[in-house]
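Reviewing the structure listed below.
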Amino acid sequence: MKRILILAAALLAAGTACAQEAYREQRRSLFELLPIRSSDIVFLGNSLTDGCEWSELFDNRHIRNRGISSDRACELAERLDPIVEGHPKRLFLMIGINDLAGGTAPGEVVADIARVIDRFQTDSRWTRIFVQSILPVNGRDFDAYRNHYAHADRIVPTNELLKALCEEKGVTYIDVWSALADGEGLLDKRYTNDGVHLVGEGYLVWRDVLKPYVK
């Protein structure tokens with residue numbers, strides 16, 4: 001019986017991974033066809049960005065969501081061309097939590113983000129870049145994303161490195177972490193239903209942090 005349960009769990013994990021990769025390819029292929037214009041504001045990131053209707057949240061028709069669930073900083077370079085070539089007005093980047101969950105060291109995550117910034121500063125130098133902090137997670141009240149919770153202690157050090165990187169590159173760093181963390185530094189359970197992703201109230205808090213920068 002135990003062997004059957006292990007096999008069933010393995011098959012379920014394999015099926016989930018295949019479905020996730022299919023979804024990612026669907027998003028990538030669509031984004032390659034959708035134009036970016038110089039008046040656009042691009043939100044780029046992983047599932048946290050993917051999961052929001054940003055243009056409705058800000059009531060701004062120029063906002064373009066280019067988030068893809070499960071994306072990592074080390075993978076962004078593969079899909080930057082359609083965005084960079086459109087020379088968007090502003091870029092809001094949040095990436096890195098999945099890298100940390102996979103065991104990537106903070107310095108490596110920040111180095112990959114630096115390459116994204118460098119690409120824009122070289123090929124789309126009029127794009128204003130806003131790098132958002134990695135959000136807190138909550139493994140105390142939830143248990144769905146154990147790898148994310150296991151590496152939670154790397155989030156704050158990574159954000160500190162990100163802030164220093166932004167100062168070095170002359171781009172804007174935005175601290176979203178503080179607005180969503182509870183008194184213990186965990187993702188406030190009012191804003192999540194799995195300890196990693198946000199529910200509607202969480203996105204409203206995030207929006208309010210970004211309001212001064214989204215114009």
Side-chain angles (χ1 to χ4, degrees), residues 24 27-28 31-32 36 38 40-52 54 63-137 147-148 150-181 185 187 196 206 209-210 212-215:
R24 286 163 53 80
R27 295 282 281 181
R28 283 194 297 262
F31 293 158
E32 288 172 1
I36 294 293
S38 60
D40 286 342
I41 299 168
V42 174
F43 280 67
L44 179 62
N46 50 41
S47 58
L48 290 161
T49 298
D50 188 354
C52 185
W54 295 103
I63 293 179
R64 302 287 178 260
N65 188 337
R66 292 299 181 266
I68 296 182
S69 180
S70 297
D71 231 356
R72 301 184 180 199
C74 61
E75 298 168 329
L76 282 185
E78 301 173 7
R79 64 184 186 92
L80 287 182
D81 286 356
I83 303 172
V84 172
E85 290 167 5
H87 307 294
K89 179 181 179 182
R90 294 171 187 247
L91 174 75
F92 286 85
L93 174 64
M94 180 186 284
I95 199 73
I97 187 62
N98 294 323
D99 303 73
L100 295 177
T104 305
E108 293 180 56
V109 177
V110 173
D112 287 327
I113 293 173
R115 282 189 277 275
V116 174
I117 295 172
D118 288 344
R119 176 70 193 283
F120 277 91
Q121 291 188 327
T122 299
D123 297 330
S124 185
R125 57 197 181 111
W126 301 117
T127 299
R128 289 197 61 187
I129 301 170
F130 300 84
V131 176
Q132 303 166 86
S133 62
I134 297 172
L135 301 187
V137 298
N147 286 341
H148 291 71
H151 295 91
D153 60 342
R154 295 186 173 189
I155 294 175
V156 170
T158 304
N159 284 337
E160 291 173 350
L161 291 174
L162 275 178
K163 185 176 181 179
L165 173 69
C166 290
E167 292 174 356
E168 174 191 336
K169 298 291 186 182
V171 303
T172 302
Y173 173 79
I174 303 176
D175 175 19
V176 187
W177 185 95
S178 297
L180 291 167
L187 179 57
V196 172
W206 187 352
V209 174
L210 297 186
Y213 309 98
V214 178
K215 301 175 182 178

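Excluded from the calculations below are hydrogen atoms, water molecules and symmetry mates; all remaining heavy atoms, backbone and side chain alike, are included.
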Can you confirm whether Lys163 sits close enough to Val110 that some side-chain heavy atom of one is under 4.5 Å from a side-chain heavy atom of the other? no
What pairs with Trp54 under ring-ring contact (aromatic ring centres under 6.0 Å, His included), at least two apart in sequence or on another chain? Phe43, Tyr203, Trp206
Where the side chain of Thr122 meets the backbone of Arg119, is there a donor-acceptor pair that is under 3.5 Å apart? no
Go through the structure and list residues passing side chain to side chain donor-acceptor pair (under 3.5 Å) with Arg28, not counting sequence neighbours. Glu21, Glu25
How long is the straight-line distance from CE of Met94 back to CD1 of Ile113, given to the nearest 0.5 Å? 10.5 Å
Rounded to the nearest 0.5 Å, what separation is found between the CD atom of Gln132 and the OG1 atom of Thr49? 6.5 Å
Qualifying residues under side chain to side chain donor-acceptor pair (under 3.5 Å), relative to Asn147, sequence neighbours excluded: none
Verify, without hydrogens or angle tests, whether Thr158 (side chain) and Arg154 (backbone) share a donor-acceptor contact under 3.5 angstrom. yes
Check the side chains of Ser178 and Asp175 for a donor-acceptor pair under 3.5 angstrom, ignoring hydrogens and angles. yes
Contacts of type ring-ring contact (aromatic ring centres under 6.0 Å, His included), residue Phe120, not counting sequence neighbours: none
Closest contact, heavy atoms only, Val42 versus Pro88: CG2-CB, 3.8 Å
Considering only heavy atoms from C-beta outward, does the side chain of His148 approach that of Ile97 to under 4.5 Å? yes
Any residue meeting salt bridge (Lys or Arg N to Asp or Glu O under 4.0 Å) with Arg64, in chain and number order, not counting sequence neighbours: Asp40
Rounded to the nearest 0.5 Å, how far does CG of Asp50 lie from CD1 of Ile68? 7.5 Å
Value for CD1 (Ile134) from CG (Leu161), rounded to nearest 0.5 Å, stands at 9.5 Å
What side-chain donor-acceptor pairs closer than 3.5 Å can you find for residues 72-79, not counting sequence neighbours?
residue: Glu75; atom: OE1; partner: Arg24; partner atom: NH2; Å: 3.2
residue: Glu75; atom: OE1; partner: Arg72; partner atom: N; Å: 3.0
residue: Arg79; atom: NE; partner: Asp71; partner atom: OD2; Å: 2.6
residue: Arg79; atom: NH1; partner: Arg66; partner atom: O; Å: 2.9
residue: Arg79; atom: NH2; partner: Gly45; partner atom: O; Å: 3.2
residue: Arg79; atom: NH2; partner: Arg66; partner atom: O; Å: 3.0
residue: Arg79; atom: NH2; partner: Asp71; partner atom: OD2; Å: 2.8

So do Tyr173 and Leu165 actually touch side chain to side chain, heavy atoms under 4.5 Å? no
Under 4.0 Å between a Lys/Arg side-chain N and an Asp/Glu carboxylate O for Asp112 and Arg115? yes
Can you tell me how far apart CG (Leu91) and CD1 (Ile83) are? Round to the nearest 0.5 Å. 7.0 Å
Rounded to the nearest 0.5 Å, the CG atom of Leu162 sits from the CD1 atom of Ile95 at a distance of 11.0 Å
Do the side chains of Asp99 and Glu108 get nearer than 4.5 Å, heavy atoms only? no
Min side-chain heavy-atom separation Ile129-Thr172 under 4.5 Å: no
Can you tell if the side chain of Ile155 reaches within under 4.5 Å of the side chain of Trp177, non-hydrogen atoms only? yes
Would you check if the side chain of Ser133 reaches a backbone N or O of Asn159 as a donor-acceptor pair within less than 3.5 Å? no
Sub-4.5 Å side-chain heavy-atom contact between Leu48 and Leu135: yes
Just checking Lys169: does its NZ atom have more than 12 heavy atoms from other residues, nucleotides or ligands closer to it than 6.0 angstrom? yes
Side chains of Val214 and Phe92: does their closest heavy-atom pair fall under 4.5 Å? yes
